[in-house]
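Heads up: the structure comes next, in structure tokens.
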Amino acid sequence: MKLPICSFDAKNAVLCPQCEGKISSGILSQSDADASIILANIAKSNKEIENFSMFSCKEFEGNFVLSLARNDIRVIRQSRTLYRLLQDQFKGKIWLVEADETDSKFIEDLFFPTKILSINSVWAPGGVQKTKAVISGKWTSRFPIDTQKVIEIVKNARNLDIEIEFEVKR
């Protein structure tokens with residue numbers, strides 16, 4: 001298992017001076033350490049998670065954005081029980097994104113399994129970048145993804161102003 005903190009620290013839920021120093025210097029966040037400990041704890045009873053690679057975890061108002069390897073995300077998305085197991089261990093909603101991905105792929109991952117028709121970026125006067133995502137279908141009250149949370153996560157994680165539209169107007 002590859003984690004931002006030492007495997008020994010994650011398994012024992014106690015940070016060594018080196019990992020503690022990374023957190024205090026800002027190289028790692030406290031949510032990186034907390035998510036690593038949670039994943040290591042789950043891996044004790046679930047062999048699928050033992051091979052995961054988590055690169056970072058960002059927390060925004062109770063939302064946890066986990067940056068994982070592409071294959072790990074695929075494994076989680078194919079198993080509802082594994083997803084629920086992970087979701088139950090975190091205090092808020094988890095969002096799965098690929099590590100080192102483009103802004104467009106990041107937005108697509110946040111909207112999974114919803115189909116995104118297009119993602120366009122425009123530079124406004126003053127050097128401000130505006131991004132617009134067009135979602136397939138129309139918005140209903142049962143739409144599974146909180147679009148306001150996605151807007152906040154994209155703003156906090158990538159510093160992008162995003163506007164979300166649906167293909168069919170209400």
Side-chain angles (χ1 to χ4, degrees), residues 1-79 82-112 116 119 121 123 126-131 133 145-162 164:
M1 181 177 242
K2 290 173 68 176
L3 300 168
I5 64 172
C6 307
S7 294
F8 182 81
D9 292 0
K11 290 176 184 171
N12 294 306
V14 177
L15 297 179
C16 67
Q18 184 179 8
C19 290
E20 194 69 57
K22 287 180 182 178
I23 290 174
S24 62
S25 67
I27 295 171
L28 294 176
S29 67
Q30 186 61 46
S31 57
D32 287 330
D34 294 342
S36 297
I37 291 168
I38 290 170
L39 286 178
N41 193 22
I42 295 171
K44 291 176 186 175
S45 61
N46 190 312
K47 298 300 176 201
E48 285 179 303
I49 294 181
E50 278 186 352
N51 299 322
F52 277 18
S53 296
M54 185 186 84
F55 297 94
S56 71
C57 176
K58 293 182 172 52
E59 181 185 0
F60 307 107
E61 299 173 12
N63 294 289
F64 295 88
V65 180
L66 298 173
S67 295
L68 301 168
R70 175 181 292 153
N71 293 336
D72 301 339
I73 292 174
R74 191 176 311 124
V75 168
I76 294 169
R77 287 180 176 165
Q78 290 175 349
S79 171
L82 185 57
Y83 179 80
R84 281 194 197 109
L85 178 66
L86 284 170
Q87 183 63 62
D88 291 344
Q89 297 300 312
F90 285 86
K91 295 178 212 116
K93 171 127 175 71
I94 61 169
W95 303 81
L96 306 173
V97 296
E98 284 181 37
D100 301 325
E101 62 189 3
T102 64
D103 292 337
S104 297
K105 183 68 174 121
F106 181 79
I107 294 166
E108 287 176 23
D109 280 346
L110 292 176
F111 274 104
F112 181 83
I116 295 185
I119 297 175
S121 294
W123 289 95
V128 178
Q129 182 181 4
K130 298 278 186 179
T131 304
I145 299 164
D146 185 346
T147 55
Q148 275 311 119
K149 283 186 181 178
V150 171
I151 291 170
E152 290 173 21
I153 289 170
V154 171
K155 178 68 177 163
N156 289 321
R158 294 292 175 110
N159 201 23
L160 291 175
D161 290 324
I162 185 171
I164 298 169

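Side chains of M1 and N51 form no contact here, defined as non-hydrogen atoms less than 4.5 Å apart. Side-chain contact between I162 and I119 is absent, with no heavy-atom pair separated by less than 4.5 Å.
Applying the salt bridge (Lys or Arg N to Asp or Glu O under 4.0 Å) definition to pairs two or more places apart or across chains, those involving residues 36-53 are K47-E50. Applying the salt bridge (Lys or Arg N to Asp or Glu O under 4.0 Å) test to residues at least two apart or on different chains, the pairs with a partner in residues 62-72 are R70-E98. Legend: side chain to side chain donor-acceptor pair (under 3.5 Å) pairs involving residues 33-42, not counting sequence neighbours, sorted by first then second residue: Q30-D34. Listed by first and then second residue, the ring pair (Phe, Tyr, Trp, His ring centres under 6.0 Å) pairs that reach into residues 48-73 are F64-F90, sequence neighbours excluded.
Nearest heavy atoms, I107 versus A133: CG2-CB, 4.4 Å. Here the closest heavy-atom approach between residue S31 and residue C57 is recorded as OG-O, 2.8 Å. Nearest heavy atoms, L110 versus W95: O-CZ3, 3.3 Å.
Checked against salt bridge (Lys or Arg N to Asp or Glu O under 4.0 Å), E59 has no partners two or more places apart in sequence or in another chain. Applying the side-chain contact (heavy atoms from CB on, under 4.5 Å) criterion to Y83, with sequence neighbours excluded, gives I76, Q87, K93, I94, L96. Not a single side chain to side chain donor-acceptor pair (under 3.5 Å) links T147 to another residue, sequence neighbours left out. Partners of T102 by side chain to side chain donor-acceptor pair (under 3.5 Å), not counting sequence neighbours: none found. Taking N71 as the reference, R74 meet the side chain to side chain donor-acceptor pair (under 3.5 Å) condition, with sequence neighbours excluded. Taking the side chain to side chain donor-acceptor pair (under 3.5 Å) definition, one finds that R158 meets it with D103, sequence neighbours left out. Applying the salt bridge (Lys or Arg N to Asp or Glu O under 4.0 Å) criterion to D146, with sequence neighbours excluded, gives no partner residue.
Side chain of D109 to backbone of F106: no donor-acceptor contact under 3.5 angstrom is found.
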Would you be so kind as to tabulate the donor-acceptor pairs closer than 3.5 Å made by side chains of residues 2-20, with sequence neighbours excluded?
from: D9; atom 1: OD2; to: C16; atom 2: N; distance (Å): 2.8
from: N12; atom 1: ND2; to: F8; atom 2: O; distance (Å): 3.0

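The CG atom of L66 sits 9.5 Å away from the CG atom of D32 when rounded to the nearest 0.5 Å. I151 contributes atom CD1, which lies 11.5 Å from atom NZ of K155 (distance to the nearest 0.5 angstrom). The distance from atom CG of D88 to atom CD1 of I38, rounded to the nearest 0.5 Å, is 11.5 Å. The CG atom of L39 sits 5.5 Å away from the CE atom of M54 when rounded to the nearest 0.5 Å. In this structure, N46 CG and L82 CG are separated by 5.5 Å, a value rounded to the nearest 0.5 Å.
If you run side chain to side chain contact (heavy atoms under 4.5 Å, CB included) between S121 and each of L160, T131, D161, only T131 comes through. Screening N156, V97, V154 for a side chain to side chain contact (heavy atoms under 4.5 Å, CB included) involving V65 leaves a single residue, V97.
A 6.0 Å sphere centred on NZ of K105 holds more than 12 heavy atoms belonging to other residues, nucleotides or ligands.
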